[in-house]
Asker: 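Structure provided below as structure tokens; questions to follow.
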Amino acid sequence: MSDSAEFLRKIPSIDQLLKDANFDRLSEQYSRPLVVQELRAVLAGLRKEISCNSRGLDFLKQQMDCLLDTVELQLGKRLQPSLVQVINATGVLLHTNIGRAPVSCEMGNQGIEVSSSYTNLEYDLTRGERGYRDQHIEPRLKRMLGCEASLVCNNNAAAIHLILNTFARDRTVLVSRGELVEIGGSFRIPNIMEASGSLLKEVGTTNKTRISDFESNIDDQTGLILSVHPSNYRITGFTEAPSLSQLSLLAQKHGIPLLHDLGSGLLFPSSHPALLQEPSVEESLRAGVDLVCFSGDKLLGGPQAGIVVGREELVVQLRRNPIMRAVRVDKTTYSLLDSTFLEFESERARQSVPIQKMLYATKQEIEERALSICERLTLESLSTVLIDGYSLVGGGAAPEQGIPSCLIALESSSQSANQLEVNLRGSNPSVLTRIENGRVLIDLRTVLPEQEDSLSKALNALA
Ligand SMILES: *Cc1c(COP(=O)(O)O)cnc(C)c1O
């Protein structure tokens, strides 16, 4: 012990070290306090390594020789942005861990332009007086969906929380037992209900719920009827659930609002084979649902947001709830949402919203892109073959529906599939892939066209 303490004293003090002119150069580049802080951290690491692993004089000398480089390297790393682009070659279109839907560069640029200036966020430029944030999306949504009103908040979970708290605090909410879902990432309907101060009243059974089950549970304590789209699973077989129209009639008869948590944010019914079972906002409204809420960053292809559409009288009450102030979104989000809805209104979304483009890309288009990537590969040790496979929508939409795709299967003569996966993940930008049957698979459906060069480079660097 005392040996080690003695030995550690051989490490010069910070003050001594800082006399080295090279540290002045670093200080000019990074500021003196940062250099001192990093130097302290590096030396602390060194002391720990020496005392824990009984390192000798050689080790200490070697570390002191490259001390400046180590500090510079650490400072460089520390001053990199943390949130960066990755290349999603997994073929899963929507995944929460990688930020769900990417927005297009055009949408992003508009968002940056708006947020790097003052804006008319909450200001009515014609009248010269205070406006309201939702003025930037409400008129468009009214025109497109025929809804009376709309509201934006931080995400769909916040929208549900706000709605429950507004209409069912200290009251009961009727939900079918088959719809008490967990969406992932700690979003569970029963928990969110508890947090909003409302009481869950489960209705029917897991596989069968009838309209009479709802009706017999309505009393003067009922605040809301909630229908949740079972977005990430299917109950099949001996099943029954009342339609939204039936629920709407019942809700109307008793003067109770009906909320449909639709999750995925498909605006209109889609003819896409993977989305035939997916409910749409328009259909919900047509069925007479009072409020529909959905995410902005799932099938809609916009930024993280929770969007509520429905009856004006109810939306007005939501806006008045003090919680609204805590879950409102900023100008960048409004701009990105506005741009996204604009693409839908102008019927260009399939060509311009990245998630929509990915959904509708044909297998042949993906095969052509895959071939062009393979042609650019130069590594002897890497072999590629194109195989048939499936992309997945993910993000709680179309849980079982794969979209036929053309995949590049990679094999290396020098690296295992796991090593390839790790090395691709470690490249800059990081490339995320999946492994199936011992092979690394690359699905170009989810790779943005502008990332293809980086992908080829990452593959060619797999030496
Ligand atoms: C995704 C999802 C949510 C949660 O939405 P966030 O925007 O992530 O808060 C809630 N309900 C359903 C049905 C969903 O699919």
Side-chain angles (χ1 to χ4, degrees), residues 92-103 137 150-165 168 173 175-196 198 200 224-235 241 244 247 258-267 270 274-275 277-281 283-285 287 289 291-310 318 323-324 326-330 332-334 336-337 340-341 355 359 392-401:
V92 180
L93 274 71
L94 296 167
H95 198 295
T96 306
N97 296 167
I98 53 174
R100 293 194 188 158
V103 298
I137 58 134
S150 67
L151 167 154
V152 176
C153 58
N154 183 52
N155 56 12
N156 194 23
I160 296 163
H161 179 68
L162 177 70
I163 295 168
L164 292 172
N165 180 272
V173 178
V175 190
S176 163
R177 281 209 167 79
E179 296 180 352
L180 291 173
V181 299
E182 167 164 333
I183 309 293
S186 76
F187 181 92
R188 284 180 159 194
I189 290 289
N191 298 354
I192 212 149
M193 214 166 276
E194 197 183 327
S196 67
S198 54
L200 170 65
L224 194 83
I225 299 177
L226 170 61
S227 173
V228 183
H229 172 47
S231 53
N232 50 6
Y233 71 100
R234 292 268 178 272
I235 294 179
L244 284 174
L247 283 174
L258 168 64
L259 166 65
H260 188 199
D261 169 15
L262 194 113
S264 62
L266 185 67
L267 292 182
S270 171
L275 301 180
Q277 308 268 335
E278 205 55 35
S280 71
V281 181
E283 287 167 298
S284 277
L285 290 168
V289 171
L291 292 172
V292 184
C293 63
F294 55 96
S295 300
D297 52 1
K298 290 184 178 173
L299 288 177
L300 184 68
Q304 178 187 306
I307 300 138
V308 183
V309 297
L318 294 176
I323 289 178
M324 186 58 226
V327 295
R328 74 181 187 189
V329 301
D330 74 326
T332 315
T333 301
Y334 272 105
L336 295 173
L337 266 184
T340 310
F341 286 131
I355 280 294
L359 266 173
L392 280 176
V393 179
E400 290 161 349
Q401 290 290 336

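Atoms within each ligand, like the ligands themselves, are counted from 1 in listed order.
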Asker: Is it the side chain (CB and beyond), the backbone, both or neither of Q304 that lies under 4.0 Å from ligand 1, heavy atoms counted?
Answerer: neither
Asker: Taking distance alone, with no angle check, do D297 and ligand 1 share an N/O pair under 3.5 Å?
Answerer: no
Asker: Would you mind running through ligand 1 and noting each atom that sits below 4.0 Å from a heavy atom of H229?
Answerer: 13 (C)
Asker: Show the numbers, then the answer: is there a side-chain hydrogen bond (donor to acceptor under 3.5 Å, both in side chains) between S176 and E179?
Answerer: CA-CA 5 Å; S176 163; E179 296 180 352; 5.0 Å; no
Asker: Of the non-hydrogen atoms in P279 and L262, which two are nearest, and what is the gap between them?
Answerer: O-CD2, 4.0 Å
Asker: Could you tell me, atom by atom, which parts of ligand 1 come under 4.0 Å of a heavy atom of K298?
Answerer: 1 (C), 2 (C), 3 (C), 14 (C), 15 (O)
Asker: Might you point out which heavy atoms bring L164 and S196 nearest each other, and give the distance in Å?
Answerer: CB-OG, 3.3 Å
Asker: Quick one: closest heavy-atom pair of G302 and V103, and the distance?
Answerer: C-CG1, 3.9 Å
Asker: Can you check which of A157, G265, A158 brings a heavy atom nearest to atom 9 (O) of ligand 1?
Answerer: A157
Asker: Pick out which of V152, V292, L318 makes a side-chain contact (heavy atoms from CB on, under 4.5 Å) with V308.
Answerer: L318
Asker: Can you confirm whether L299 sits close enough to F294 that some side-chain heavy atom of one is under 4.5 Å from a side-chain heavy atom of the other?
Answerer: no
Asker: Counting only heavy atoms, which portion of R100 has something under 4.0 Å from ligand 1: side chain, backbone, both, or neither?
Answerer: side chain
Asker: Counting each atom of ligand 1 from 1 as listed, which ones have a heavy atom of D261 under 4.0 Å away?
Answerer: 10 (C), 11 (N), 12 (C), 13 (C)
